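Note that the structure is predicted; figures quoted are calculated from it, not measured. Order of the sequence lines sets the chain letters (A, B, ...), proteins ahead of strands, with each chain counted from 1.
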Amino acid sequence: MNVIERIQEGVVEAVKALYDADITPDQITINNTRKEFEGDYTVVVFPFTRAARKKPEQIGEEMGNFLLEEVDELVGFNVIKGFLNLVVSDAYWRRFLLETATGDTFGQSAPKAEKVMVEFSSPNTNKPLHLGHIRNILLGWSTAQILEAAGYEVVKVQIVNDRGIAICKSMLAWEKFGEGETPKSSGIKSDHFVGKYYVLFEQKFQEEYKSWQASPAGLAAYTDKAEESQDELAFFKAFKNTYFNEYSALGQEAKAMLLKWEEGDTETVNLWKKMNQWVYDGFADTYENLGVSFDKLYYESDTYLLGKDIIVKGLEDGIFYRKEDQSVWIDLEDAKLDHKLVLRSDGTSVYMTQDIGTAQLRYDDYGVDRMVYVVADEQDYHFKVLFEIMKRLGAPYADKMFHLSYGMVDLPSGKMKSREGTVVDADDLMAEVIAEAKAMAEERGNLAELSEEERQAINRQIGLAALKFFIIKVQPRKRMTFDPKESVDMQGQTGPYVQNAYVRIRSVLRKAGAADTSRAADYNTLETAEKDLIAQLFAFPAIIEEAAEQLDPSAIANYCFDLAKAYHRFYHDYSILRADTSEAIAFRIQLSTAIAQVLKKGMELLGIEMPEQM
RNA sequence: GGCCUCGUAGUACAAUGGAUAGUAUGUAGGUUUCCGGAGCCUAAGAUGCAGGUUCGAUUCCUGCCGAGGCCA
């Protein structure tokens with residue numbers, strides 16, 4: 001049992017013994033003592049005034065004396081207003097550092113015997129990955145790592161949206177205008193290659209639409225269908241989808257292709273396979289470069305028909321109802337949601353149908369206890385509805401389905417819009433930050449003695465650290481502004497700053513060589529700065545648990561930064577290898593070792609690698 | 001129109017209902033004969049507005065204003 005748990009237990013006992021009242025540990029607020037006061041942990045005693053019928057100051061005194069008596073780790077206390085500041089013994093901190101924090105498994109929780117599925121990335125296959133995907137992927141990956149560290153068994157999956165009208169557009173454009181060009185012959189990365197044809201389709205379609213607008217048919221449509229106040233521009237913008245579906249020759253062709261695909265037409269299916277494979281090859285590079293992987297890929301082409309049988313069964317059980325037009329719905333008004341369509345009148349699926357079926361499929365595949373969906377916040381409502389439906393269907397995991405909802409990424413100039421060409425491409429972005437790291441290293445003259453290959457590896461680690469940290473440090477639910485200039489910053493609250501703390505320690509430890517650290521336990525003049533660092537290390541497991549529970553990797557990022565900052569300051573203020581006594585040297589080596597280990601482990605949870613030098 | 005999320009220094013981010021709201025960047029200044037200066041130190045600078053609950057509100061509740069989103 002650690003010191004915080006002992007304090008909690010002690011407070012419960014104190015309230016019982018002193019005031020004859022029962023409280024639970026979670027009713028106790030224990031904070032870190034603010035640095036202007038003496039002490040390590042602070043118990044807020046205001047909440048006990050009711051039970052005790054005494055002034056906060058008096059309760060603090062009484063409780064302080066009780067805890068001092070009962071909790072061995074405590075050596076003193078003081079009371080300021082309603083705050084009981086507790087002083088933990090140096091011996092405890094010393095022991096904690098040497099026996100626990102320096103251990104290999106520090107930060108890894110015991111197994112929780114619960115399996116979690118994390119779904120993330122889940123791209124469409126018609127275009128390459130962009131900045132929005134990067135936020136998704138980083139969140140998903142780090143959440144999965146954090147859940148593992150917290151003791152869960154984790155399965156990382158994505159569902160690839162490999163079918164539908166979008167990929168048919170790319171296919172059609174390639175067939176019509178590609179003249180046999182391939183990624184190889186063009187030298188273009190293969191997912192970008194497919195994206196190029198998607199864009200080409202949109203261009204050709206726009207051209208067709210423009211000329212139709214000027215034609216008699218187009219003008220007639222405007223005259224007949226435009227609303228009164230609508231000018232031509234607004235009308236044709238709003239009319240685009242209708243035009244695609246009902247008038248466009250290209251639209252007809254694309255839709256015909258989708259139909260042929262659905263019928264299993266060999267030629268179409270082969271084309272589809274070929275182009276999707278190009279995309280997968282390209283994605284694989286991007287994922288590898290980002291340092292992420294998946295345990296299982298689900299494909300929409302396999303799952304898009306799932307769920308219908310569940311709907312039919314639910315209809316029999318009265319969970320769903322059928323309207324006169326034969327469409328099937330669910331009434332969720334008593335859950336403060338709406339009526340929701342789950343099967344169209346012609347019997348075809350909607351997204352919800354598919355998601356119901358896919359959830360069940362995953363459960364059948366893995367027997368997971370919980371599911372985490374990493375999906376942007378524009379789908380908040382969708383997931384509320386999905387989870388509510390799963391509850392009513394009696395899915396055993398329904399109470400443990402979570403939507404890790406995150407805000408969209410904006411640019412300083414506003415929203416990313418593919419139509420306006422402001423989308424930041426994932427591959428370009430990574431290349432840019434790595435180039436920036438390289439430029440920075442050259443400017444400093446670092447790494448000159450290394451081989452080209454080693455330098456490249458380090459620049460990659462630094463560049464990606466800057467990018468990843470910049471994105472992960474923001475709480476998921478918040479919309480964030482991505483300033484490309486700031487994302488490559490390497491000073492201040494950044495990934496490279498944390499890496500630098502690690503590199504410093506590694507450098508010191510290399511110089512220390514195989515120094516004898518056996519005397520560390522005899523170091524008995526613990527400085528406040530040292531104690532604070534140990535207390536920060538102490539918090540690591542709890543931070544991980546909290547981040548796992550909240551599905552919030554930003555907590556880890558901020559923790560790592562705070563620890564790195566505290567170490568940088570300590571390093572500046574104190575000598576390590578030139579400390580006054582051999583005990584101090586030994587102790588500080590151990591302290592530095594533990595901090596390096598925690599920084600590495602913490603950043604690893606975010607998918608950020610630590611270089612040995614930079 | 002209904003519902004959801006978010007409003008904190010110039011900018012970007014923190015703060016399980018707890019003490020004098022933390023950090024970074026930018027700005028101004030300082031810092032290297034010594035373990036790595038991608039560092040360290042100093043200064044100025046913020047809770048959208050109005051109520052409510054509470055011993056205590058950036059945090060919870062209500063209304064308004066603003067940004068974004070979802071559903072027709």
Point to revise | Polar pair under 3.5 Å, donor/acceptor by atom type, side chain A:Asp410, base B:A67 | key: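 Answer is no: no donor-acceptor pair is held.
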Given [options], identify the nucleotide with an atom nearest to the side chain of [X].
X	options	answer
A:His572	B:A12, B:C6, B:G39	B:G39
A:Glu36	B:C13, B:C70, B:U20	B:U20
A:Arg34	B:A19, B:C70, B:A14	B:A19
A:Ile80	B:A19, B:A14, B:G37	B:A19

Point to revise | Ionic contact status for A:Arg34 with A:Glu36, cut-off 4.0 Å | key: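 Between A:Arg34 and A:Glu36 there is a salt bridge, with a charged N closer than 4.0 Å to a carboxylate O.
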**Study point:** Pairs satisfying side chain to side chain donor-acceptor pair (under 3.5 Å), at least one member in residues 505-514 of chain A, at least two apart
**Key:**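 Listed by first then second residue: A:Arg506-A:Glu612.
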Point to revise | A:Trp329 six-ring centre to A:Lys340 NZ/CZ under 6.0 Å and within 45° of normal | key: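 Not satisfied by the 6.0 Å and 45° rule.
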Point to revise | Is_stacked (A:Phe83, B:A19) at 5.5 Å, 30 deg | key: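 Base of B:A19: stacked against A:Phe83.
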Review point. With ring centroids as reference points, do A:Phe120 and A:His133 lie under 6.0 angstrom apart?
Key: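 No, too far apart.
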Point to revise | Ring-ring centroid check A:Phe540 A:Tyr559, cutoff 6.0 Å | key: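 Centroid separation for A:Phe540 and A:Tyr559: below 6.0 Å.
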Point to revise | Separation of A:Met401 CE from A:Met371 CE (nearest 0.5 Å) | key: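 The CE atom of A:Met401 is 5.0 Å from CE of A:Met371, to the nearest 0.5 Å.
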Check your understanding: Which ones in residues 40-49 of chain A lie close to RNA chain B, meaning a heavy atom under 4.0 Å from one of its atoms?
Key ->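 The answer is A:Thr42, A:Val44, A:Phe46, A:Pro47.
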Review point. Using a distance-only test with no angle check, is there a side-chain donor-acceptor pair under 3.5 angstrom linking A:Tyr19 and A:Glu62?
Key: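 Distance-only check passes for A:Tyr19 and A:Glu62.
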Practice item. May I ask you to check whether A:Arg344 and A:Ser327 show a side-chain donor-acceptor distance below 3.5 Å? Key: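 Distance-only check fails for A:Arg344 and A:Ser327.
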**Study point:** Touch class at under 4.0 angstrom, heavy-atom based, for A:Leu337 against every strand present
**Key:**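 Nothing, no nucleic acid heavy atom in range.
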Review point. When you check the phosphate oxygens OP1 and OP2 of B:G69, does a side-chain N or O of A:Lys415 lie under 4.0 Å from one of them?
Key: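 Answer is yes, contact under 4.0 Å.
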Exercise for review: Would you sketch RNA chain B in dot-bracket for me? Only Watson-Crick or G-U wobble pairs with both distances under 3.5 Å count, crossing pairs as [ ], other-strand pairs as |, the rest as dots.
Suggested key: (((((((..((((....[...)))).(((((.......)))))....(((((..]....)))))))))))).
